[in-house]
Every structure is written in structure tokens, then in C-alpha cells.
Amino acid sequence: VTLADVVVLTQTVTFWRLVFTPEFLKPYPAYTRWMSTMLSQPKVRAVLGPCVQATQEAVYKPDAPLDMSLASYVSDYAAEWPSSRVRQTFIDFFNKKKQH
């Protein structure tokens, strides 16, 4: 797993959960295979938890109330990964790489 894999994964995992249905991704089998491989990595699962692919595309409704399950997920994630922890994890990763 490379840094590029981590960057792309973190930028697209929300779309995987909310928008990227199997039908939508049919023209992109390489992405689907890559995403499945990434999400099966033990360290990725430990950080992201279960990542179930969307079964139907999310629809934006500007007047709808906020989905509390998503709000809860975001607040739980922010509580578990404050910016100081993210920053330190990033620094530790590169310090370990530099030692090799």
C-alpha cells in the first residue's frame, strides 16, 4: 500500500459508501477491484471500519433534515481522529519510512 493508495482511498471512500453503486461502477472494474483490495487490508479496516458499498445513489435534497446517522458518523470520526492525532500519525509514518 502506497501513500497514493491512501490518498485516493480517503478521498473516494465516502463516494463508495453513498454514490458508487455496482451499476455505476460497471465501466470501471479496475477501480472496483482496487477498492475491494484496499478495503480488505487489516490496517484499513481498523481505521475505517466496515465500508459497505452503496446499493442506491444518494440524492441531494436541500430541504431535507440532516441524516443523523451520517452526522453521528462524522462527529464520532472527528472525536476519534482530531487534527492533532492525524498530524502525529502522518509524521510518525514518514519518520518510520525515513529510518529504513
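Throughout, residue positions are numbered sequentially from 1 according to the sequence presented. Computed from a predicted model, the values in this text were never measured in an experiment.
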Worksheet item: Between NZ of K96 and CD1 of I91, what distance do you get to the nearest 0.5 Å?
Response: 13.0 Å
Worksheet item: Among the clusters formed by ILVMFWY side chains lying less than 4.5 Å apart, do V86 and V8 turn up in the same one?
Response: yes
Worksheet entry | Hphob cluster co-occupancy, V1 + F93, side-chain heavy atoms under 4.5 angstrom | no
Please report the closest heavy-atom contact between [X] and [Y], naming both atoms and the distance.
X   : Y   : value
F94 : L3  : CZ-CD2, 3.5 Å
P22 : A54 : CD-O, 3.5 Å
C51 : V13 : SG-CG2, 3.8 Å

Worksheet item: Parallel under 30°, tilted from 30 to 60°, perpendicular over 60°: which one fits the rings of Y28 and F24?
Response: tilted
Item to complete: Hey, could you give me each pair passing side-chain hydrogen bond (donor to acceptor under 3.5 Å, both in side chains) that has a residue in residues 29-54? Not counting sequence neighbours.
Response: D5-W34, T12-Y31
Item to complete: Evaluate the side-chain proximity of F15 to L25: yes if any heavy-atom separation is below 4.5 Å, no if none is.
Response: no
Worksheet item: Is there a side-chain contact (heavy atoms from CB on, under 4.5 Å) between L48 and L9 once you walk through the steps?
Response: CA-CA 10 Å; L48 296 179; L9 175 68; 4.0 Å; yes
